[in-house]
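First comes the structure, then the notes that go with it.
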Amino acid sequence: MTGNSGAMTSGVRAGGWGHAGRAVQGPPPPLPFLFVVLVAAPGTRAEGYQTCPTVQPNMLNVHLLPHTHDDVGWVKTVGQYYYGGKHSVGHAGVQYILDSVISALRAEPSRRFVYVEMAFFSRWWHQQTNATQQAVRELVRQGRLEFANGGWVMNDEAATHYGAIVDQMTLGLRFLQDTFGDDGRPRVAWHIDPFGHSREQASLFAQMSFDGIFLGCVDYQDKELREKKQEMELVWRASASLQPPTADLFTGVLPNVYDPPRYLCWDRLCDDKPVVDDPSSPEHNTKGLVDYFLNLAATQHQSYRTNHIVMTMGSDFHYENADMWFKNLDKLIRLVNAQQAKGSRVHVLYSTPACYLWELNKANLTWYLGTLGGWGLARPASGPATSPAGRPSSAMRGSQEVCKQLEALAGPAANVGPYGSGDSALLEEAMAVLQHHDAITGTSRQLVAEDYARRLAAGWGRCKVLLSNVLARLSGSQEAFSICPELNISVCPLSQTSARFQVAIYNPLARKVDRMVRLPVSAGAFLVKDPSGHAVPSDVLLLPQPEGQKPRPELLFSASVPALGFSIYSVAQVFPEKPKVHRARPSPEKSGSFVIHNEVSLLQIIIILTCPDDRYNANTGVLQNDQPSGAYIFSPDGMQPLPVNSSAQIRLLKTPLVQEVHQNFSAWCSQVVRLYCGQRHLELEWTVGPIPVDDKWGKEVISRFDTPLDTKGYFYTDSNGREILKRRRNYRPTWNLTQTEPVAGNYYPVNTRIYITDGKKQLTVLTDRCQGGSSLQDGSLELMVHRRLLKDDRRGLGEPLLEKKSWVRGRHLVLLDAVGKAAAGHRLLAEKEALAPQVVLAPGRATRYHPGATLRKQFSGLRRALPPSVHLLTLAHWGPDKLLLRLEHQFARGEDSGRNLSSPVTLDLLNLFSTFTITHLQETTLVANQSRASASRLKWTPNTGPVPLPSVPPLDSTTITLQPMEIRTFVASVQWKEDVWVLRNAPFPA
C-alpha cells in the first residue's frame, strides 16, 4: 500500500456500590433532578493499617509474608485446581489450602497470611458454614488474613484490554466489599507473576485507590541496576495526561520474584530441611540456619533504603498443609529474634504487603520518580492467535458489553421474559477468568484452554436469552432470534437457507455508527430495506474458494445504527431479469502492482504483487544452551524472516460498495485487501493455518508493512488499549540495554494499535486482538499473527503449541494520515473495532410482544449522542434500581490538533438516557468499592518534590467534566420509564 509518500507492501505477515456499601445516603431528590455527591479526597491517614504488627524502629525489620499463588487455570483447569483433581499433572487443591490456612491462623494469633484470587476464594467462601464464615470475618477484621490485589484473578498485563482489567477487578473487589466491608478492602496491588508490567496497569491501580503495588517479574538487567542504585522501590508516574499524583503509584520490586529464599521453603512441594531446634537431635540445625538468615537479611538490605525488608514465604499452590510452613516459621522467628540478646539488630515478624508498605510510608523519605517495563522474551507474541481463549476473549468483550448495556437499558424485564431467564453474571465471571495471566496469553495447556472456551460458551448462552428478551421488549415483537457466531468464516444457517429474513444490528457505542454488513446467502439477488422501508444499496459477491469448491455468495450492504441502539433491516430474495452478481476474477499478474482507491481515502493504495508473507523458523533448542520457542518464549532461529512463498494467486473484485484483492500465497496462508466505499482505512483480512511442520520446523508467521518513512528507530504501541508509549529499537529508557535478543527483545504487546511516523505522516495499523509487534527496520512494522511449534520452551507448561487443526482469521486496519489528524483517526476507529455492532437475525415471522405493543424497527438508549472524545465505558446492572456508569475521555493530552478532541469535555447527564431517569448519583473510585468522597491514598514524595493533590472541579447538579484520559465512575439510582416501551416516535441521536 502506498500513496504520495511512496509504496508500502503489506501481507500476512451513592451511596451504594454493594450490599455492604457504607456511603452516606442523603434524602432522595425530587424527580427528574440529579443529585451529585462529591467531595475532595482527604489526605493520608492510617485507615486500614491500625492492625499492623509492632516493629522495632532501631533494628532491621524483616517482614515475612506467608502467601500462596494460585493460578486460575494453567496445567490443570480451574475446577481441577480448586478441588485438587488430576494429581498426575500436579499436586494442588485450593480448597484444602484455604481450609488449612484458616485453621493455622486460628491456632496462633501472631500468624498472618495473604490471599489474592477471588475466583477461588469466593467459591470456597460459599461452601463454608456460618461458624467458619464468622471466624474468617474476625481474622480479616484483625488484619491477620489480608487480601492483596483482590481481583477475580491476577490478570496479565500485556495481552489484556483496559476495560477487561477494570471489569475483573471490579468483580473481585465487589465480592470483598459485600462480604467484609472496608475490613476486606485491599490496600496493595500484588502482581507477582505476570511477565512484565504495563504503564496503563499501574495507572489503573492508582485510579482504583491502591496505595502501592509489589511486583515479581522484571527484566534481569533492570533489576541488577536497581539493586545497585537502591531503586527497587520507587514512585511510578503512570500517565502523561492525568494530573499528578492521580496516576502515581508507589512500586516495589520483590527480591526473589515471589518465592521463598533458598533453603527456607517448608511446603510439601519443597525439599528443604525443617527447623530442628532440639539440641539432642542429630538433625539439630538452628545455629547454621540463624547465621544464614542473618547474612541473607544483611545482603538483601543493601538493595533497599529503609530499615524494613520483605521476604515472600510461599509460592505456587503452597500451604495445602499450612502447619508445615507455620511451625517452621514460628521457630525461625523465635530463634532469630533471640539473637537480639546477643547484640543482633535484626527483628523478624509475620507481616503482610500492606503492613510492609505502611512502614515504608512512615519512613518519610523522598522516592525515585520513574517507570518500569520490559516483557521477558516476548511472551505477548503467544496465545491470542493460538488458543481458544485468545480470539474469543477479544471478540466476546464486545458481546459482553452489549449484554450488560441491554440489561441496564431494559431493567428487570431483561432477566425474565418470553425466552426464559438470562443475565450477564455468568459471562462476566467467564470473561474475568480469561484475563488470568495464563489464560488470555495462551500459556495454559490445551485442555485448560478448552475449559476456558466452555465457560465462555455457557456465559454467552445466558446472555443470548437476555438479548432476546430485551430485543422483543424494545422492538415490540417476538421473533426466533438467531446469532451466528461463525460469521467471520461466512457461516450462518438462517441467512444461507432463507429467502426472506430480518437483520437487527445493535450498536454499543454512544454515537451513531455506519457499518458494512456481510452475510452469507444462497445464490441469487436480494433487496435490502432500512427501518423506514427504503431500499438501500447492496451487492451480492461471489467469493473465491479453494480449488474444487464453488464460489461462496455473500450479501453486502451498509447499515446505519443509532447510539446505544438498534436498527432492523429487512432482506428479501428477488428475481430480476438480469441479476447482477459480482464475481472475483483472476489476475494474470503474479508480480507487479495495481491501484485501488475511493473518494475519501487520504492516499491511493498500491498493492505490490510480490509475496509479503513472512515467517520466522522457531528455534528448536537442539543445541546446548539453545532456547526453543514455546508458549512463553519467542526465540526465532535467525534474525531475518523467510517468505511463505515467492508469488501469490490473485483475484480482483470491484463493485460500487467495495474493492477487494484476494491473495492466495499457499494452501495455508491467504489475505484479502479490502477498501469499502466511503472508508478512510484499508482492511486486511488474513487467514493462516494449519501451519505445516512436516519439514520439522516450527513456524511463527508475521504480517509486515514496509514504507519509505524515515522513522529513526522509533515506533509507538498502545498500553492496554489506552495511552500510547514511545518505543525505540534496541533501547530501554531506564538502563543501558545489552541486547541479547535482537528480534524478540524488540517485540512489545500491541493490544489495539501500533504506528510509525516521520513527523509529517503517520502509518497506523490496528489489530482485532492483542499481538506481539515491532519495527525491526526503519519504515517497517510487523505483527505476529500465528504460531505452531514443535517444542516446549521449558517454562513449566510441558506442552508445545502444536494444535493440529489450528487456523486463524483476523483483520488489520491500516490508516495513513497527517500526524496532527492521526489520533482522531486511530482513537475513534479503535473504539469501533473493540465494540463492533452485534448482528442478530430473525426469520421475520413476528408476533407482538403484548397486544398493545408498538412495533419498532429503530431504537436508541440515548436522547443525544455523546461527543466523539467521550466513551461510555460501562453501563451495567449494579443492584435493585441501581446501575454502574463509567464515562471516559478517550484522547490523551495534546495528541489531537485537528478537531480539538484533546480538550476537556463537559457533559449534561440530565435526561441523557431514554429508558430510565437517574435520581441519585454517587461518584466512586474506578472499581466502585469506595465513594470518591471518602477515598484516600497514602502520600509519597518523589525526588522531584512534593505533588499537591489535584482539586476537584466544581459541579452543578447535572453536569460532569472529563479531562483528557480521565475515567469517572458513578453508581446511579434510577427509575425505569414504563412509557418508553410504547413511544412511537422516539428521537434518535446522530
**OP:** Decide side chain to side chain contact (heavy atoms under 4.5 Å, CB included) for Y748 and I754; before the verdict, give the C-alpha distance in whole Å, the side-chain angles of both, and the deciding distance to 0.1 Å.
**Re:** CA-CA 10 Å; Y748 291 89; I754 182 172; over 6 Å; no
Original post:
Can you check whether T757's main-chain N or O pairs, donor with acceptor, with Y714's side chain at less than 3.5 Å?
Top reply: no
Original post:
Between D768 and R811, is there a donor-acceptor pair closer than 3.5 Å when you use the side chain of the first and the backbone of the second?
Top reply: yes
Subject >> Nearest-0.5 Å distance, CG of residue N488 to CZ of residue R518 >> reply: 12.0 Å
**OP:** Kindly indicate whether the side chain of Q435, heavy atoms from C-beta on, has any atom under 4.5 Å from the side chain of I165.
**Re:** no
**OP:** Indicate whether the side chain of T655 and that of D539 have a donor and an acceptor atom separated by less than 3.5 Å.
**Re:** yes
**OP:** Mind checking ring pair (Phe, Tyr, Trp, His ring centres under 6.0 Å) for Y506 and listing every partner two or more places apart, or none if nothing turns up?
**Re:** none
**OP:** Find the distance between OG (S495) and CD (E554) and round it off to the nearest 0.5 Å.
**Re:** 9.0 Å
Original post:
If we ignore angles and hydrogens, is there a donor and acceptor under 3.5 Å between the side chains of N155 and Q201?
Top reply: yes
Subject >> Least distance between heavy atoms, R651 atom then P586 atom >> reply: NH1-CG, 3.4 Å
Subject >> Electrostatic pair E401:R397 at N-O distance under 4.0 angstrom >> reply: yes
**OP:** Kindly determine whether D718 and T752 satisfy side chain to side chain donor-acceptor pair (under 3.5 Å), including the steps that lead there.
**Re:** CA-CA 7 Å; D718 68 298; T752 59; 3.1 Å; yes
**OP:** Taking the side chain as every heavy atom from C-beta outward, state whether T441 and F195 have any atom pair closer than 4.5 Å.
**Re:** no
Original post:
Is it true that R674 and E660 have a side-chain N and a carboxylate O under 4.0 angstrom from each other?
Top reply: yes
Original post:
With a 4.5 Å limit on heavy-atom distance, are the side chains of H812 and V785 in contact?
Top reply: yes
Original post:
Is E888 reaching over with its side chain to a backbone N or O of Q890, donor-acceptor style, under 3.5 angstrom?
Top reply: no
Original post:
What distance do F705 atom CZ and L816 atom CG have between them, rounded to the nearest 0.5 Å?
Top reply: 12.5 Å
Subject >> Expected output: side-chain N751 to main-chain N720 donor-acceptor under 3.5 Å >> reply: yes
Subject >> Gap between atom CD of Q496 and atom OG of S522 - 0.5 Å precision >> reply: 8.5 Å
**OP:** List for me each residue that meets ring pair (Phe, Tyr, Trp, His ring centres under 6.0 Å) alongside H871, sequence neighbours excluded, and say none if there are none.
**Re:** none
Original post:
For the side chain of K699 and the backbone of W697, is there at least one donor-acceptor N/O pair under 3.5 Å apart?
Top reply: yes
Original post:
What are the two closest non-hydrogen atoms of S719 and R199, and how far apart are they?
Top reply: OG-N, 3.8 Å
Original post:
Can you find a heavy atom in the side chain of M639 that is under 4.5 Å from one in the side chain of L776?
Top reply: no
**OP:** Search all heavy atoms of L829 against all heavy atoms of L766 and return the closest pair with its distance.
**Re:** C-CD2, 3.9 Å
Original post:
With no hydrogens and no angle check, do the side chains of R753 and T764 hold a donor and an acceptor under 3.5 Å apart?
Top reply: no
Original post:
When you check the side-chain N and O atoms of S780 and E782, is any donor under 3.5 Å from an acceptor?
Top reply: no
Original post:
Where do L555 and S538 come nearest, in terms of heavy atoms and distance?
Top reply: CD1-CB, 4.1 Å
**OP:** Quick one: list whatever passes ring pair (Phe, Tyr, Trp, His ring centres under 6.0 Å) with F526, sequence neighbours left out.
**Re:** none
Original post:
Is there a side-chain contact between N746 and N730 (heavy atoms, below 4.5 Å)?
Top reply: yes
Original post:
So, the side chain of T687 versus the backbone of R809: is there a donor-acceptor pair under 3.5 Å, distance only?
Top reply: no
Original post:
Would you call R769 and V808 a side-chain contact if the rule is heavy atoms closer than 4.5 Å?
Top reply: yes
Original post:
For R722, does its backbone N or O pair with a side-chain atom of R827 as donor and acceptor, under 3.5 Å?
Top reply: yes
Original post:
Taking it one step at a time, do I483 and Q838 satisfy side chain to side chain contact (heavy atoms under 4.5 Å, CB included)?
Top reply: CA-CA 9 Å; I483 298 173; Q838 178 71 56; 3.6 Å; yes
Original post:
Is the closest side-chain donor-acceptor distance between S560 and D514 under 3.5 Å?
Top reply: yes
Original post:
For the residue pair R788 and P692, what are the closest heavy atoms and their distance?
Top reply: NH1-CA, 4.3 Å
Subject >> Gap between atom CG of L434 and atom CD of Q400 - 0.5 Å precision >> reply: 10.0 Å
Original post:
Does S902 reach the main-chain N or O of E895 with its side chain, forming a donor-acceptor pair under 3.5 Å?
Top reply: yes
Original post:
According to the interplanar angle, ranging from 0 to 90°, do the rings of Y716 and Y755 count as parallel (below 30°), tilted (30 to 60°) or perpendicular (above 60°)?
Top reply: parallel
Subject >> Rounded distance [0.5 Å steps], CG in L813 versus CD in Q679 >> reply: 7.5 Å
Subject >> Side chains of H786 and S806, donor plus acceptor under 3.5 Å >> reply: yes
Subject >> Expected output: side-chain D706 to main-chain G779 donor-acceptor under 3.5 Å >> reply: no
**OP:** Carefully, step by step, assess L541 and L657 under the rule side chain to side chain contact (heavy atoms under 4.5 Å, CB included).
**Re:** CA-CA 10 Å; L541 318 176; L657 295 181; over 6 Å; no
**OP:** In sequence, state the C-alpha distance, the side-chain angles, and the governing distance for L789 and E700, and then conclude on side chain to side chain contact (heavy atoms under 4.5 Å, CB included).
**Re:** CA-CA 8 Å; L789 307 172; E700 302 173 294; 3.7 Å; yes
Subject >> Under 3.5 Å: donor-acceptor pair, side chain of S198, backbone of A158 >> reply: no
Original post:
Nearest heavy-atom pair of G630 and R787: which atoms, and what distance?
Top reply: O-NH1, 3.0 Å
Original post:
Is L872 close to L509 at the side-chain level, that is, under 4.5 Å between some pair of heavy atoms?
Top reply: no
**OP:** Compare all side-chain heavy atoms of P868 with those of R899 and state whether any distance is below 4.5 angstrom.
**Re:** yes
